[in-house]
Amino acid sequence: MSGNTPPIDFSGLIREGDLVVCGQATAEPVTLTEALMTQAAQLPPFRMMIGPVFSETFSVACAPHVSFQSYGVIGNARRLARSGRLDVIPSNYSAFCADFAARRHRADVVLVQLAEAKRRLSASLSNDYVIDAARGARLVIAEINPDAPFTFGEEWPEDVPIHMRVAARRPPVELASTPLDDVSRQIASHAASLIADGSTLQFGVGRIPDAILTSLSHARNLGIHSGLINDAVVDLIERGAVTNEEKGIDAGITVTNQVIGTQRLYRFVHENKAVAVRPTSYTHGQGVLARINRLVAINSALQVGLDGSVNSETLNGVHVGAIGGQLDFVRGANASSGGRAIIALPATASGGSSRIVANVETVTTPRADVDAVVTEWGVAELRGCGLAERARRMIAIAAPEHRDALSAQLRRPSG
């Protein structure tokens with residue numbers, strides 16, 4: 001087949017008003033999504049549901065009659081958000097996925113990347129909302145990728161039909177770790193003091209979670225039950241820091257909802273029965289999380305208020321982040337025996353403004369759920385503290401040049 005020949009002709013397949021759902025993050029079926037975006041100008045107007053975007057597929061320049069929706073603004077989805085082309089659905093990740101299962105979100109067309117081994121199919125890198133979306137879709141198109149790892153826990157259900165198959169022309173999307181900097185290392189050093197041997201870890205994407213994981217290489221008997229795993233997890237397992245033996249459930253098994261990393265990670269998880277890529281109802285389910293021993297949730301933020309309220313969604317009224325699974329895991333960690341919920345962030349933004357603020361503009365995680373906040377300046381233990389003490393502790397971990405202004409704002413009468 002010529003490289004210039006489209007892998008699929010979408011004319012006649014996409015109808016006006018269709019909701020097209022595709023795999024997210026590294027599970028994006030790039031052969032299919034690139035073909036769809038290339039042909040979009042010749043197709044009827046349709047809606048596209050995306051998650052985190054780590055490819056170059058979805059350009060601001062693509063057909064203006066294509067509208068985009070997502071549960072947050074992560075990775076290259078920020079380009080669409082800045083141009084006003086992304087409509088954000090404010091939802092916890094667990095609820096967003098559950099809405100597909102309950103048909104509150106109804107997909108018309110689903111594009112999915114699958115791995116195949118011994119005539120079995122696996123959703124490979126993500127066990128999210130796509131399978132439930134496919135159950136009710138008019139058309140399911142699968143990109144069979146020989147370079148995608150076959151993972152356990154997310155075998156494609158036999159009762160969900162695949163109407164068309166396309167051979168992948170590219171390996172799966174990769175996301176390499178961002179090089180660590182001094183601030184991230186300082187934050188990691190403080191956060192690591194809260195993580196005891198035998199803890200089970202949840203974490204997200206980014207420099208700070210990577211720094212924290214890297215700082216734990218000498219820990220013992222750690223477990224993983226997370227929304228995602230990355231290359232840093234392979235390091236911890238190979239060094240013996242992660243054994244998954246003290247989790248209380250899933251002994252010996254690393255549990256995740258998504259696999260986001262490089263080929264090194266993909267080779268590690270391929271046909272590896274010690275890794276389970278489980279559905280969101282399991283990875284983010286409150287009943288499951290409460291059964292885990294010493295669950296430590298590690299999440300980041302754009303701002304944290306003096307009362308402990310966390311904003312991970314907007315800055316200056318513009319969506320630049322996501323609710324994601326933050327609140328799911330914060331509440332799960334709080335319910336876990338010996339659990340901790342850590343919010344870790346730099347004290348200042350890239351322009352020098354304080355990320356510790358008097359009041360956040362959007363509340364992602366309410367102050368009542370916040371446990372500990374970490375910056376490069378230390379740890380603010382907030383659980384059980386009154387508002388005055390919370391403010392004092394938060395100011396103590398703000399950048400020194402912003403502490404006087406924050407204290408002044410605290411003393412200023414309201415109204």
Side-chain angles (χ1 to χ4, degrees), residues 24-25 50-52 69-75 77-78 81-82 86-99 128-129 187 191 202-209 212 226-228 257-258 280 283-286 289 295-335 339-349 353-375 380 382-383 385 387 390-391 393-394 397-398:
Q24 62 178 324
I50 59 174
Q69 294 178 304
S70 183
Y71 62 85
V73 182
I74 303 172
R78 293 189 180 100
R82 285 196 296 266
L86 183 66
D87 184 27
V88 174
I89 299 170
S91 179
N92 293 324
Y93 183 65
S94 60
F96 180 80
C97 295
D99 281 345
D128 49 26
Y129 46 86
I187 294 170
Q202 173 270 327
F203 46 88
V205 171
R207 183 182 281 125
I208 292 174
I212 294 172
S226 185
L228 65 92
N257 181 250
Q258 298 182 63
T280 310
T283 57
H284 293 62
Q286 293 301 297
L289 298 178
L295 176 61
V296 178
I298 303 167
N299 290 280
S300 195
L302 300 169
Q303 299 174 322
V304 180
L306 294 183
D307 65 350
S309 298
V310 177
N311 170 24
S312 298
E313 300 172 70
T314 66
L315 286 176
N316 301 315
V318 178
H319 273 91
V320 294
I323 299 171
Q326 182 178 117
L327 189 55
D328 293 325
F329 280 109
V330 165
R331 288 180 171 168
N334 285 338
R340 297 302 309 260
I342 300 170
I343 301 295
L345 74 165
T348 56
S353 60
S354 180
R355 290 182 180 269
I356 308 302
V357 296
N359 298 288
V360 298
E361 65 176 70
T362 301
V363 175
T364 304
T365 295
R367 63 191 187 183
D369 293 292
V370 174
D371 176 12
V373 180
V374 179
T375 74
L382 301 186
R383 185 182 290 181
C385 290
L387 292 174
R390 282 175 174 238
R393 295 186 181 193
M394 288 301 303
I397 64 167

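Just so you know, residue 1 is the first one in the sequence shown, and it goes up from there.
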Exercise. When the ring planes of Y129 and Y93 are compared, do they come out parallel, tilted or perpendicular, using 30° and 60° as the limits?
Worked result: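 Rings of Y129 and Y93: perpendicular, over 60°.
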The test is side-chain contact (heavy atoms from CB on, under 4.5 Å); show your working for I342 and V296 and say whether it passes. CA-CA 7 Å; I342 300 170; V296 178; 3.7 Å; yes
Could you check if a side-chain atom of [X] sits within less than 4.5 angstrom of a side-chain atom of [Y], using non-hydrogen atoms only?
X    : Y    : answer
L302 : V320 : yes
T348 : R355 : no
I323 : Q326 : no
L327 : D369 : yes
V374 : I343 : no
P52  : Y71  : yes
V310 : V360 : no
V73  : R82  : no

message: Tell me which pairs pass ring-ring contact (aromatic ring centres under 6.0 Å, His included) where either residue lies in residues 298-332, with sequence neighbours left out.
response: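 Only H284-F329 qualify under ring-ring contact (aromatic ring centres under 6.0 Å, His included).
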Margin query: Which residues pass the salt bridge (Lys or Arg N to Asp or Glu O under 4.0 Å) test with R383, not counting sequence neighbours?
Written below: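 With sequence neighbours excluded, R383 shows a salt bridge (Lys or Arg N to Asp or Glu O under 4.0 Å) to D371, given in chain and number order.
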Contacts of [X] that satisfy side chain to side chain donor-acceptor pair (under 3.5 Å) - sequence neighbours left out:
X    : value
D128 : Q24, S126
T364 : E313
T280 : N257

Which heavy atom of [X] sits nearest a heavy atom of [Y], and at what distance?
X    : Y    : value
P209 : G204 : CB-O, 3.4 Å
A301 : S312 : CA-OG, 3.5 Å
I212 : A191 : CD1-CB, 3.7 Å
P366 : R331 : CG-NH2, 4.2 Å
A380 : R393 : CB-O, 3.7 Å

Report task. Only counting residues at least two apart or in another chain, list the ones meeting ring pair (Phe, Tyr, Trp, His ring centres under 6.0 Å) with F203. Result ->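 With sequence neighbours excluded, F203 shows a ring pair (Phe, Tyr, Trp, His ring centres under 6.0 Å) to no residue whatsoever.
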Exercise for review: Start with the C-alpha gap between L306 and V357, add the side-chain angles, then the distance that decides, and say whether side-chain contact (heavy atoms from CB on, under 4.5 Å) holds.
Suggested key: CA-CA 6 Å; L306 294 183; V357 296; over 6 Å; no
When you measure from the side chain of [X] to the backbone of [Y], do you find a donor-acceptor pair of N or O atoms at a distance under 3.5 Å?
X    : Y    : result
Q286 : D328 : yes
R367 : D307 : no
S300 : A344 : yes

- Message: Could you walk me through whether R340 and N334 satisfy the side-chain contact (heavy atoms from CB on, under 4.5 Å) test, starting with their C-alpha distance in whole Å, then the side-chain angles of each, then the deciding distance to 0.1 Å, before giving a yes or no?
- Response: CA-CA 6 Å; R340 297 302 309 260; N334 285 338; over 6 Å; no
Atom CG of L345 and atom CG of N299: how far apart are they, to the nearest 0.5 Å?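 It is 11.5 Å, given to the nearest 0.5 Å.
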Could you please spell out the steps behind the side-chain contact (heavy atoms from CB on, under 4.5 Å) verdict for I397 and V373?
CA-CA 9 Å; I397 64 167; V373 180; 3.9 Å; yes
